[in-house]
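Structure record follows, encoded as structure tokens.
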2 protein chains.
Amino acid sequence: MAVKPTEAQITRYADMFAAMGTDARLRIVRLLLAAHPDGMVAGEIGAELGIPASTLSHHLEKLRNEDLVRVRRESTFLWYSANAEALQELLGFLYAECCTRNKAIQPQAIVTLCK
Amino acid sequence: MAVKPTEAQITRYADMFAAMGTDARLRIVRLLLAAHPDGMVAGEIGAELGIPASTLSHHLEKLRNEDLVRVRRESTFLWYSANAEALQELLGFLYAECCTRNKAIQPQAIVTLCK
DNA sequence: TTTATAATTCCAAAAGTGTAGAAATATAGA
DNA sequence: TCTATATTTCTACACTTTTGGAATTATAAA
């Protein structure tokens, strides 16, 4: 992860950042992380965040397109969950860029802040 | 940082993600991190990434608006540099959401990957 | 099969974004 | 002051995004 990312990877990380780059979608991701690993039913997400069904569906599609969330059907319900692997990749990329490949930030500044 | 962020902070992090959510701007940030803490002259960034001056100026403005980059003038040249504090905040937020507040990702998965 | 609920897809519209040439501004040196 | 260079601002435009009501599809239960 500390190695130089490819052009394609940079584009992918940019798309992932863009997917988390709206208030609505960042809240969705946070909610799904809090409910990890079970996730939440779409309707419950919408109710919690006050987002109309069709709007929510579009946001979830965007997050799914970037593989930041996964979905599984359970009868009429669609359970959405955060994709921890993808988030780990993104976090690893940002960490590497800031702390490892370059020394702009001390690793401890992140890790110890969160103890 | 591991505490619950305010509504306003979430909005701000979303805006920061959005600022890094295009190929061009993510490359700019990477370049400035590599040149940290000196930063780079605007023209040099444009030359390196093949971005026309006016387009680059808009991207830099967006990054400046989100406080992800800083600028200082040196005669005719404008030196842009990454704002490590802002990046640390953003990284800390993502780390906290994924690894601390929720346990979706093991902290070691990030830190040890980058040793 | 009819009904009910969950969620998506269709459709549309307003707003925002990315791009870049041309003109303007800032600074310094001759 | 005139000139040269660096950069931004002006202007424009195509494209994408966000939003949400209405219609449709999916699933299951009565």
Specify the separation, in whole Å, of atom [atom1] of [X] and atom [atom2] of [N].
X       : N      : atom1 : atom2 : value
A:Phe77 : C:dT8  : CZ    : P     : 13 Å
B:Arg64 : D:dT8  : CZ    : C1'   : 9 Å
B:Met40 : D:dA6  : CE    : C1'   : 15 Å
A:Glu66 : D:dT17 : CD    : C1'   : 14 Å
B:Phe17 : C:dT17 : CZ    : P     : 17 Å
A:Glu61 : C:dA7  : CD    : P     : 16 Å
A:Arg27 : D:dT19 : CZ    : P     : 12 Å
B:Leu78 : D:dA6  : CG    : P     : 12 Å

OP1 or OP2 of [N] versus the side-chain N and O atoms of [X]: is any pair under 4.0 Å?
X       : N      : result
B:Arg73 : C:dA26 : no
A:Tyr80 : C:dA6  : no
B:Thr55 : C:dA20 : yes

Salt-bridge criterion met for B:Arg12 and B:Glu89 (N-O under 4.0 Å):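 Yes.
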Is the closest basic N to carboxylate O distance between A:Arg25 and A:Glu66 below 4.0 Å? no
Using a heavy-atom cut-off of 4.0 Å across all strands, would you classify [X] as base, sugar-phosphate, or nothing?
X       : result
B:Arg25 : sugar-phosphate
B:Ala42 : sugar-phosphate
B:His58 : base

State, to 0.1 Å, how close A:Pro107 and A:Tyr95 come at their nearest heavy-atom pair, and which atoms those are. CB-OH, 2.9 Å
Any side-chain heavy-atom pair of B:Met40 and B:Leu32 under 4.5 Å: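 In short, these two side chains touch, coming nearer than 4.5 Å.
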Using the closest heavy atom to pick a nucleotide of DNA chain D for each, name whichever of A:Thr76 or A:His59 lands nearer the 5' end. A:His59
For DNA chain D, whose closest nucleotide is more 5', that of A:Pro52 or that of A:Glu74?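 The residue whose closest nucleotide sits nearer the 5' end is A:Pro52.
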Under 3.5 Å donor-acceptor, A:Asn83 side chain and A:Arg70 backbone: no
With a 3.5 Å cut-off and heavy atoms only, can you find an N or O donor on one side and an acceptor on the other between the side chain of B:Ser54 and the base of C:dG21? yes
Measure from the side chain of A:Ser57, starting at C-beta and using heavy atoms only, and say which of C:dG18, D:dA6, C:dT8 lies closest.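 So the side chain of A:Ser57 is nearest to C:dT8.
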